Amino acid sequence: MIKLLDPKTFIAKNQPVFVYDIHKSWEQVVKEGPIWKSGKFPPLSKEKKYKFLGQKLISPIAISAGPASTKIWTDFYFKMGYGLVFEKTRRTIPRKSNTAPNIAIVKLDHPVTRENLNQKLEATMEDSDWEKYKCMTNSFGNPSPAMPDWTKELAKQRKGVGDGQLLGCSVTATLHSGATMEDAALDLLMAAAAAAISGVQVLEFNLACPNVTENSVEGEMFQDEKLVAYILREFKKRFPEIPCGFKFGVFQSKQQMKKVFMAAGDNLDYVSGINAIAMTVLGKKGEEILPGRRTSGVCGKADQTIALEHIKWASEIRKEEGLKYEILGGGGIVEVADVDRYLSTGADMVQVAAAALANPLLAYKYRLFYDKI
Ligand SMILES: Cc1cc2nc3c(=O)[nH]c(=O)nc-3n(C[C@H](O)[C@H](O)[C@H](O)COP(=O)(O)O)c2cc1C
């Protein structure tokens, strides 16, 4: 058996708070790659003790769609020992990122609940505030390179996948105002087919982005049971071997969640959530902190209450209705101790985004301290 070293061994003394420089543009950050001063990675596990979507995996922790974009980033998280790494959401039509900065730290020390969703939150650009609040806001608007570029990149990214790991890709639709359900379905399926042909092993429809400034309908597609049922059915007809699911945001009720999951039926291999929660986030004096946006997606610790409520509902609905989807649960996991709480609430695998930027050794720490299987 390999002796596992203290996680500190892999962290340089001058390592900044985030592997992502929140003061730079998304395009620059993607190009420069993760800031990992030590250049050291823990040894990958040889044991595949976890199962998700029929595959045996080395870790029950995934990197949500978002933190990793292009090979330099997906390779980084594969080397860190995550079981599944998603490429950030892709589109069929290129889109630039919202204006930088795209991330700020939210000074929130209580959970977001359905009752306080309308509160105004204060954010700062002080990286060190993360240590106290473990909460951030992000607003990218699902930027995407052109389809010929990201499909070629995915094929290269696939080469970085180790034994007991999977590469996923998230896709969304680009909708003009007044777009119909048919427009959305066509665009989603075009993107999904391109990703599937490029070699992704898990396909996720992102139907819940809270930050698309041009057309907010893009963030609410997950509530539309007809759209969800249609895209999953048509995808599975063409790519029966590739597991697929969709990302949800805050459902209006358990009943609404049930309606959507039941409509999708057996074509739904997994459900993924929760996406960042759209809220008003401003600077100390009420000024915009992310330029041009007064609302943005809140993620990190404050999402725990709503995220766990959704995992519980998804797990109950699966049992009540005899459905077979698996649950990729996340939103709010910031410490290694959170992982088991999400798994015991009903998640089959968990996912992290904000914490992946601040605590990339999370999968290793779980293996070291909590792995009791
Ligand atoms: C830097 C960053 C980028 C994100 N980009 C995407 C994205 O492209 N697609 C998506 O579905 N979710 C995106 N998200 C949302 C996350 O996948 C996740 O659902 C949300 O942040 C809640 O999880 P967390 O509390 O672990 O951060 C992003 C989140 C972060 C922090």
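Because the structure is a prediction, the values reported are computed rather than measured. For ligands, and for the atoms within them, numbers begin at 1 and follow the listed sequence.
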Q. Honestly, is Lys247 close enough over Phe86, meaning NZ or CZ under 6.0 Å from the six-membered ring centre and within 45° of the axis?
A. no

Q. Would one find an N or O of Ala353, backbone or side chain, under 3.5 Å from an N or O of ligand 1?
A. yes

Q. Which ligand 1 atoms does Val352 reach within 4.0 Å, using its non-hydrogen atoms?
A. 26 (O)

Q) Should Gly330 be listed as contacting ligand 1, given a heavy-atom distance under 4.0 Å as the test? A) no

Q. Quick one: does ligand 1 sit under 4.0 Å from the side chain of Asn275, the backbone, both or neither, non-hydrogen atoms only?
A. both

Q.
With respect to Lys88, determine whether any N or O atom, backbone or side chain, lies less than 3.5 Å from an N or O atom of ligand 1.
A. yes

Q.
Going by the closest heavy atom to atom 30 (C) of ligand 1, which one wins out of Asn138, Ile63, Ile22, Asn142?
A. Asn138

Q) So between Ala208, Ala65, Ala307, Gly66, whose heavy atom ends up nearest atom 13 (C) of ligand 1? A) Ala65

Q) Between Lys134 and Asp338, is there a salt bridge with N-O shorter than 4.0 Å? A) no

Q: From atom 7 (C) of ligand 1, work out which of Val298, Thr89, Ile274 has a heavy atom at the shortest distance.
A: Thr89

Q) Does Arg90 reach the main-chain N or O of Ser170 with its side chain, forming a donor-acceptor pair under 3.5 Å? A) no

Q) Which bit of Tyr20 is near ligand 1, meaning a heavy atom under 4.0 Å away: side chain, backbone, both or neither? A) neither

Q) Is the side chain of Asp348 donor-acceptor paired with the backbone N or O of Ile327 at a distance under 3.5 Å, no angle test? A) yes

**Q.** Element-labelled atoms of ligand 1 that are located less than 4.0 Å from some non-hydrogen atom of Cys299
**A.** 20 (C), 21 (O), 22 (C), 25 (O), 27 (O), 31 (C)

Q: Give a yes/no on ligand 1: does Ala276 have at least one heavy atom closer than 4.0 angstrom to it?
A: yes

Q. Would you say the side-chain atoms of Ser315 pair up with the backbone N or O of Gly346, donor to acceptor, closer than 3.5 Å?
A. no

Q: Give the C-alpha distance, both sets of side-chain angles, the deciding distance and a yes or no for side-chain hydrogen bond (donor to acceptor under 3.5 Å, both in side chains) between Glu182 and Tyr230.
A: CA-CA 10 Å; Glu182 286 78 9; Tyr230 181 80; over 6 Å; no

Q. For the residue pair Phe251 and Phe222, is the inter-centroid distance of their aromatic rings smaller than 6.0 Å?
A. yes

Q. Hey, which atoms in ligand 1 end up nearer than 4.0 Å to a heavy atom of Phe140?
A. 1 (C), 2 (C), 3 (C)

Q: Give yes or no for whether the N/O distance cutoff of 3.5 Å, strictly under, is met between Gly300 and ligand 1.
A: yes

Q) Do any nitrogen or oxygen atoms of Lys247 come within less than 3.5 Å of a nitrogen or oxygen of ligand 1? A) yes

Q. Linking I/L/V/M/F/W/Y whenever their side-chain heavy atoms sit closer than 4.5 Å, directly or via other members, would Met257 and Ile306 fall into one cluster?
A. yes

Q. Is a salt bridge present between Lys31 and Glu27, judged by a nitrogen-to-oxygen distance below 4.0 Å?
A. no

(Q) Has Thr295 got a side-chain atom pairing as donor or acceptor with Met279's backbone, closer than 3.5 angstrom? (A) no

**Q.** Identity and separation of the nearest protein heavy atom to atom 23 (O) of ligand 1
**A.** Gly331 CA, 3.4 Å

Q: Using a strict 4.0 Å cut-off to heavy atoms of Ala354, name the atoms of ligand 1 that fall inside it.
A: 24 (P), 26 (O), 27 (O), 31 (C)

Q: In sequence, state the C-alpha distance, the side-chain angles, and the governing distance for Tyr364 and Phe41, and then conclude on ring-ring contact (aromatic ring centres under 6.0 Å, His included).
A: CA-CA 9 Å; Tyr364 180 66; Phe41 294 87; over 10 Å; no

Q) Short N/O distance, under 3.5 Å, between Ala355 and ligand 1? A) no

